[in-house]
Amino acid sequence: MTTTAPQVGDAPVRPDAVSEPAATDLTPDKAVTLVQRVLMPRPADQLKVRSLYLDEANSTARVQQDGRHSGVIAAGSEVSFATYFNAFPASYWRRWSVLGSIVLRVTVSGTCRVDVYRSKADGESMHVTGVSHQGGEQTVELELDLAPFIDGGWYWFDVTAESETTIREAGWYAPQAPVEEPRLAVGICTYNRPVDALAAARALVEDAAVLERLELVTIADQGNNHVKDAAGYAEVKAALGDRLHVVEQPNLGGSGGFARTMHEAFTRSEATHVVLLDDDIMIESDSLLRARAFAAYAKSPMLVGGQMLALQNRSVLHSMGEIVDRETFFWTNAPNTEYHHDFGKETLRESPDLHRRIDVDYNGWWMCLIPRTVVDRIGMPLPVFIKWDDAEYGLRAFAAGFPTASLPGTAIWHLSWGDKDDASDWQAYYHIRNRLIAAALHSPHKHGGKLFREMLKADLKFLINLQYSTVELHHMAYRDFLAGPETLFSGMPGSVVRARETRATHADGRVLPSTADLPLPSMPTAKAVRFRRIPVNPLSIGRTLLSGLVHNARPVDPGNMETPQLNLAFQDARWFLLSRLDSATVGTADGRGITFRRRDPATFRRLAATSGRMLRRMSAEFPELQRRYQAAAGELTSMDRWTEAFEEWGYQRV
């Protein structure tokens, strides 16, 4: 028997409504289309990871679950679903969707109360409505108004159990059907991570609701350790059948891999939307359905992004949303975001900063849904191998009238960039070259704004950190940017080899296994302690910087070339330390090795002079460079040009 609270009637519940009735069956069903399932944790989830699904602080015992969609609450307990994956991000639906209300539908048995709460943009919460239930199984529906969420806020519900209570098949529903049901393609790009890529695909096909809605799954296999040879491939293939396309092609990086999956989706299927997924992720499969539902009810076509949770600390929300600062033309966290929030320490209700709606410029392609309409209008990714392809695409979409939303509760787990240092390894080439290309296409400033000044500061910082290989890669990027857009396609397959070779020309670009392979550091411990003191005021910072610059002009003590002065952990390798040393070992970001950095005054002078000269030239020529790149953009992003490139480079369908 389906029941709803009688005070609901034919209108949405007012946000300030207070009600105490028992559930009855006087009102017809309001729930039409499921847009967000309420999820239980996985059985193996740690206690802190359970906090993404359940707030059990007022429970006498943990919820006992039966699968992902049913749970038993002990008598005398109260469980809140004010959690990242189970609260409803009402402000996003209010801003971007055609819906005026949302319906909470939950099936309960036992003596209990179901209470609905909402929050405001400042995190303040309030009771909205509730129903009491006694006896056997009944389904409760409550229609809730989306009007008061223009700036932020969530809906959630709590269950208070007087007797042992079972809840099942709870979810948030649209009260109307979408105009069109999206047909979903998924694109996974992988390079020698076949196990990871198949794990992502398996998470999708093992969820019956997701599998039913998949039009196509494409895996762009770009390595020599192939997906077809990995354990689990047969099971994924059996589940998907002809809907699985595995395309083996040369290593074209993320932009080439994702371009392949978009090409397959929109030239070899009837898909209306494609979801791009990294290979090295763990996905909450309902995220795919949530992104699909959001796209189905969007006021106009838009990109729908998943947020990033930290793979190595799974209760942590690493990225809420990102923008590109047009002054410096560099990506950064969007305003009003909270970086690295741990739900295991602070629940959603305890975190005011998580309730305001966040507006973004783009979403990373760790998970991003893109409509066919957008691709038809603005084209494919740039042929830039890796880095900035997703940011540039978001900026291009926005300029054409297609916004992006980074939707809370829609997420993957991914290695956070705090656990990597790709801005200084071989990928530094792509960070800089592609940032320059994106700026040429989208910067509103005639001479780049603060872009070139910031790049000069970054080069000097890397130089006093004894990271000569990084600056060498920057110069390679400067030269290639100045050369223009004509060779972007032809140079893409070989660019990674060039970048790796350039990095290896300096000692700081060569990773060694351990400090055990080198002599013990020469600096006495007491002196090392003094060196490690952090300058904290403007006077000491200025004095330390001047000392470091003077030191970099002095001759090097030959004894320090074979014996490091200090062994430094990655997090301790700061400019105020390294700028005053002749040599040091520094651990890599992943903790798997070290680099032996050695000071070289001649190299310092050469690289600094080259940076200054090339950055001045780019600033002066920027208007002409913008004209050239903008004129070439149509061809660089056209489906036909990508088709030609794929044929030229060669590929094989599995």
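Keep in mind that what you see is a predicted model, and the values were worked out from it rather than measured. Residue numbers start at 1 and run along the sequence shown.
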Quick note, ring-ring contact (aromatic ring centres under 6.0 Å, His included) partners involving residues 203-256, not counting sequence neighbours, are none
Closer than 3.5 angstrom, by distance alone: can the side chain of [X] be matched with the main-chain N or O of [Y] as a donor-acceptor pair?
X: Arg292; Y: Leu184; result: no
X: Asp600; Y: Thr603; result: yes
X: Tyr92; Y: Ile358; result: yes
X: Ser269; Y: Ala265; result: yes
X: Asp45; Y: Arg50; result: no
X: Tyr430; Y: Val496; result: yes
X: Ser490; Y: Thr487; result: yes

Contacts of [X] that satisfy side chain to side chain contact (heavy atoms under 4.5 Å, CB included) - sequence neighbours left out:
X: Thr272; value: Glu180, Pro182, Arg183
X: Arg628; value: Pro485, Glu486, Glu624, Leu625
X: Ala633; value: Leu441
X: Ala201; value: Ile188, Val236

Any idea which heavy atoms bring [X] and [Y] closest together, and the distance?
X: Val360; Y: Glu322; value: CB-O, 3.3 Å
X: Gly253; Y: Ile386; value: CA-CG2, 3.9 Å
X: Ala423; Y: Ala428; value: O-CB, 3.2 Å
X: Cys189; Y: Gln222; value: SG-NE2, 3.6 Å
X: Asn434; Y: Lys387; value: ND2-O, 2.9 Å
X: Ile219; Y: Val227; value: CG2-CG2, 4.0 Å

(Q) Assess the residue pair Thr610 and Tyr478 against the criterion (side chain to side chain donor-acceptor pair (under 3.5 Å)); give the C-alpha distance rounded to whole Å, side-chain angles, the decisive distance to 0.1 Å, and a yes or no. (A) CA-CA 10 Å; Thr610 302; Tyr478 300 158; over 6 Å; no
The salt bridge (Lys or Arg N to Asp or Glu O under 4.0 Å) partners of Arg377 (sequence neighbours excluded) come to none
Could you list all the salt bridge (charged side-chain N to carboxylate O under 4.0 Å, His left out) pairs where at least one residue sits in [range], not counting sequence neighbours?
range: residues 253-267; answer: Arg260-Glu264, Glu264-Arg268, Glu264-Arg653
range: residues 423-438; answer: none
range: residues 205-215; answer: Arg37-Asp207

Sequence neighbours left out, cut at 3.5 Å: what donor-acceptor pairs do the side chains of residues 404-411 make with other protein atoms?
from, atom 1, to, atom 2, distance (Å)
Ser406, OG, Asn363, OD1, 2.6

Taken to the nearest 0.5 Å, the spacing of Glu248 CD from Asn224 CG works out to 10.5 Å
Taken to the nearest 0.5 Å, the spacing of Leu244 CG from Leu216 CG works out to 8.0 Å
>> Distance to the ring centre below 6.0 angstrom and angle to the axis at most 45 degrees; does that hold for Arg503 and Trp426?
In response: no
Should [X] and [Y] count as an ion pair when the cut-off is N to O under 4.0 Å?
X: Glu454; Y: Lys457; value: yes
X: Arg498; Y: Asp480; value: yes
X: Arg290; Y: Glu284; value: no
X: Lys48; Y: Asp342; value: yes

Aromatic centroids of [Y] and [X] separated by under 6.0 Å:
X: Phe462; Y: Tyr468; value: no
X: His318; Y: Trp366; value: no
X: His341; Y: Tyr339; value: no

task = Answer yes or no: are there more than 12 heavy-atom neighbours, outside Glu635 itself, under 6.0 Å from its atom CD?
result = no
Could you tell me if [Y] and [X] have a donor-acceptor pair between their side chains, going purely by distance under 3.5 Å?
X: Asp640; Y: Ser638; value: no
X: Asp389; Y: Ser255; value: no
X: Tyr84; Y: Gln307; value: yes

By side-chain hydrogen bond (donor to acceptor under 3.5 Å, both in side chains), Asp279 pairs with (sequence neighbours left out) Thr190
Criterion side chain to side chain donor-acceptor pair (under 3.5 Å) on Asp325 and Thr332, from CA distance to verdict: CA-CA 7 Å; Asp325 183 341; Thr332 185; over 6 Å; no
When Val275, Val186, Val246 are each screened for side chain to side chain contact (heavy atoms under 4.5 Å, CB included) with Val217, the one that passes is Val186
By ring-ring contact (aromatic ring centres under 6.0 Å, His included), Phe646 pairs with (sequence neighbours left out) His263, Trp642
